[in-house]
Peer 1: 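Sharing a structure below in structure tokens format, with a few things to ask.
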Amino acid sequence: MFSFYNVENLFLPDPKPVHRLDPTQSGLRNWDEKRYRNKLFKISHVFQLMKEENGVLPFLIGLSEVSGRKVLEDLVEMEPFNSEYGIVHYNSMDERKVDVALLYDKSKVSIIDSETITFFFEIINKKNTENYDTTRDVLFSKIKYKGTVINVFVAHLPSKREKDVNKPKRDFILNEIRSRILEIVREKKEHVILCGDFNENPDDENLVKILYDNDHEKVLVNPFQELFYTRNYSTFHYKSGLLYDQIILSKSLFDNDILNFQNAQIFNSEKLSSRVKNFEGRPFRTYAGTRYLGGYSDHFPVFVKFEETKT
């Protein structure tokens, strides 16, 4: 099992402000030790529930909206990870200081290599700023699982806001990832998993284009397309259901000796869902604006199950 989860602003507790209205490091209101511990408990509980429902924990977990390595160290110490999971994480230059990360079961997975793919975007016609803009890095890890090499990309693409000013950035980043994936699949003939919060739905042009090579041959499969067409969503914006959280796989993971794709799911357990009647079936989030709700995240986790054909 492979999972991805946007955990909604997992920050360390803020130091006490000197003045009441000082800006906080997290940007969250009253983000103290108690709320941080509750959040960690909630996130770890998600994976406990996943294990109970599926009989197994994911051997790889992509995460987004984590701030720094310490929050990940605190998380993997807890049940059900019990310090048996390793961490791949780099600090990015994102203005909000949130990163992506990969957790892996140390008894099943070894890391061969990892790096960040960093993007700088030039700012034009903006006064009083540096002349470039940074965004969250894409995390690349080459891992070995049961003797098989898998190349894993974890992304959290720039958000849709202000009339989608960030669309050119998403286009550029996905194009770069696509080039790298084509090289891996075509030349190295290795498996690829691309996961993340893409801030686009599975039917958006970018996410359809990435599935094909330049000769229009299919190299990747997005099992979340079907879920989206049958109105399954991982997050919501006002009245719209969205499936921004996806796991995309190379075709080689559909017919091989080690891992065979079985199905894709959104883990929208009732326990992770809103307690408010009007928001039934939506994620129970930590904050709504500045109002603290004490929930899990504003996204549901997603996962793909594999049939393991050889031990």
Side-chain angles (χ1 to χ4, degrees), residues 1-5 46-47 49-63 80 84-86 88 102-114 139-155 177-178 180-196 198 202-203 207-208 210-213 216-230 232 234 243 245-269 300-311:
M1 198 156 93
F2 180 108
S3 179
F4 172 79
Y5 194 14
V46 169
F47 291 99
L49 290 171
M50 209 181 267
K51 185 182 178 184
E52 284 166 17
E53 279 198 26
N54 295 282
V56 66
L57 270 175
F59 64 91
L60 288 169
I61 299 166
L63 296 174
E84 287 161 11
Y85 275 64
V88 185
L102 185 70
L103 304 182
Y104 61 96
D105 182 337
K106 291 189 281 194
S107 69
K108 296 178 179 175
V109 172
S110 57
I111 305 294
I112 300 168
D113 192 14
S114 68
L139 177 63
F140 170 73
S141 306
K142 189 186 274 280
I143 68 114
K144 193 173 258 189
Y145 174 79
K146 296 192 175 180
T148 297
V149 172
I150 306 172
N151 297 272
V152 182
F153 294 84
V154 186
I177 293 172
R178 179 176 175 267
R180 289 175 183 242
I181 287 174
L182 286 178
E183 188 189 338
I184 292 165
V185 171
R186 284 275 174 262
E187 289 165 35
K188 298 180 183 163
K189 306 225 172 331
E190 292 172 353
H191 304 303
V192 172
I193 298 176
L194 163 62
C195 70
F198 295 100
D203 63 346
L207 291 180
V208 173
I210 205 167
L211 306 179
Y212 297 87
D213 67 12
H216 308 293
E217 289 238 350
K218 202 162 196 187
V219 287
L220 298 176
V221 177
N222 186 353
F224 286 81
Q225 276 181 336
E226 201 177 316
L227 285 167
F228 183 63
Y229 296 144
T230 51
N232 288 284
S234 60
L243 185 45
D245 307 278
Q246 300 158 55
I247 301 164
I248 300 171
L249 310 167
S250 58
K251 278 180 76 181
S252 56
L253 287 165
F254 287 75
D255 182 25
N256 73 86
D257 289 346
I258 303 294
L259 287 170
N260 253 329
F261 171 80
Q262 253 186 326
N263 60 38
Q265 291 180 46
I266 297 155
F267 192 61
N268 53 3
S269 160
F300 287 126
V302 295
F303 65 87
V304 292
K305 278 174 106 167
F306 295 104
E307 181 185 19
E308 302 192 18
T309 42
K310 272 187 187 172
T311 49

Peer 1: Who pairs with Lys142 by salt bridge (Lys or Arg N to Asp or Glu O under 4.0 Å), at least two apart in sequence or on another chain?
Peer 2: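 Listed in chain order: Glu190.
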
Peer 1: Considering all heavy atoms of both residues, which atom of Asn232 and which atom of Leu243 are nearest to each other, and what is their separation?
Peer 2: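 Taking Asn232 first and Leu243 second, the nearest heavy atoms are O-CD2, 3.5 Å.
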
Peer 1: If you compare all heavy atoms of Phe306 against all heavy atoms of Met1, which two are closest, and at what distance to 0.1 Å?
Peer 2: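 Closest approach of Phe306 to Met1: CD1-N, 4.3 Å.
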
Peer 1: Indicate the atoms forming the closest heavy-atom contact of Phe47 with Ser3, along with that distance.
Peer 2: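 Here Phe47 and Ser3 meet closest at CE2-OG, 3.9 Å.
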
Peer 1: For Gly62 and Cys195, work out which heavy atoms get closest and say how close.
Peer 2: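 Heavy-atom minimum between the residues: CA-SG, 4.4 Å.
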
Peer 1: Any side-chain heavy-atom pair from Ile210 and Leu194 closer than 4.5 angstrom?
Peer 2: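 Contact flag for Ile210/Leu194 side chains = yes.
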
Peer 1: Quick one: pull up CG in Asp245 and CZ in Phe267 and give me the separation to the nearest 0.5 Å.
Peer 2: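 Answer for the CG-CZ pair, Asp245 versus Phe267, is 14.5 Å.
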
Peer 1: How long is the span from the CG atom in Leu259 to the OH atom in Tyr145, to the nearest 0.5 Å?
Peer 2: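 The CG atom of Leu259 sits 5.5 Å away from the OH atom of Tyr145.
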
Peer 1: Heavy atoms, side chains only, cut-off 4.5 Å: are Val304 and Ile193 in contact?
Peer 2: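 SC-SC contact between Val304 and Ile193 ruled out.
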
Peer 1: Looking at side-chain heavy atoms only, is the closest gap between Phe140 and Ile177 below 4.5 Å?
Peer 2: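 No, side chains not in contact.
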
Peer 1: Can you tell me how far the CG atom of Leu253 sits from the CD atom of Gln262, to the nearest 0.5 Å?
Peer 2: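 Going from CG on Leu253 over to CD on Gln262, the span is 13.0 Å.
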
Peer 1: Once you round to the nearest 0.5 Å, how far does CZ of Phe300 lie from CD1 of Ile266?
Peer 2: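 That separation rounds to 8.5 Å.
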
Peer 1: Any non-hydrogen side-chain atom of Tyr104 less than 4.5 Å from a side-chain atom of Ile143?
Peer 2: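 Side-chain contact under 4.5 Å: no.
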
Peer 1: Under a 4.5 Å cut-off applied to non-hydrogen side-chain atoms, are Gln225 and Val208 in contact?
Peer 2: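 They are in side-chain contact.
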
Peer 1: Counting neighbours of CG on Asp113 that are heavy atoms of other residues, nucleotides or ligands and sit closer than 6.0 Å, is the number greater than 12?
Peer 2: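 More than 12 within 6.0 Å, yes.
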
Peer 1: To the nearest 0.5 Å, what is the distance between CG (Asn151) and CD1 (Ile184)?
Peer 2: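 Output value for this atom pair is 4.0 Å.
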
Peer 1: Is there side-chain contact between Val185 and Ser252, with heavy atoms separated by less than 4.5 Å?
Peer 2: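 Not in contact.
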
Peer 1: With rounding to the nearest 0.5 Å, note down the distance linking CG in Leu102 to OG in Ser141.
Peer 2: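 Output value for this atom pair is 5.0 Å.
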
Peer 1: Applying side chain to side chain contact (heavy atoms under 4.5 Å, CB included) to Ile248 and Phe153, what does each step give before you reach the verdict?
Peer 2: CA-CA 10 Å; Ile248 300 171; Phe153 294 84; over 6 Å; no

Peer 1: With sequence neighbours left out, write down each residue that passes side-chain hydrogen bond (donor to acceptor under 3.5 Å, both in side chains) with Lys108, or none if nothing qualifies.
Peer 2: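 Per chain and number, Lys108 pairs via side-chain hydrogen bond (donor to acceptor under 3.5 Å, both in side chains) with no residue.
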
Peer 1: I'd like to check the salt bridge (Lys or Arg N to Asp or Glu O under 4.0 Å) partners of Glu226; sequence neighbours left out, ordered by chain and number.
Peer 2: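 Listed in chain order: nothing, the list is empty.
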
Peer 1: Quick one: does Phe254's side chain get under 4.5 Å of Leu249's, heavy atoms only?
Peer 2: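 They are in side-chain contact.
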
Peer 1: Which atom pairs, one a donor and one an acceptor, fall under 3.5 Å between side chains of residues 50-61 and the rest of the protein, sequence neighbours left out?
Peer 2:
residue, atom, partner, partner atom, Å
Asn54, OD1, Lys305, NZ, 3.1
Asn54, ND2, Met50, O, 2.9

Peer 1: Is the closest side-chain heavy-atom distance between Asn222 and Phe228 below 4.5 Å?
Peer 2: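 No, their side chains stay 4.5 Å or more apart.
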
Peer 1: List for me each residue that meets side chain to side chain contact (heavy atoms under 4.5 Å, CB included) alongside Lys218, sequence neighbours excluded, and say none if there are none.
Peer 2: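 For Lys218 the side chain to side chain contact (heavy atoms under 4.5 Å, CB included) partners, ignoring immediate neighbours, are Leu211, Tyr212, Lys251.
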
Peer 1: With no hydrogens and no angle check, is any side-chain donor or acceptor of Ser250 less than 3.5 Å from a backbone partner on Leu220?
Peer 2: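 Pair absent, no side-chain N/O of Ser250 close to backbone of Leu220.
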
Peer 1: Identify, with sequence neighbours excluded, every residue that meets salt bridge (Lys or Arg N to Asp or Glu O under 4.0 Å) alongside Arg186.
Peer 2: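 Once residues adjacent in sequence are excluded, the partners of Arg186 under the salt bridge (Lys or Arg N to Asp or Glu O under 4.0 Å) criterion are Asp213.
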
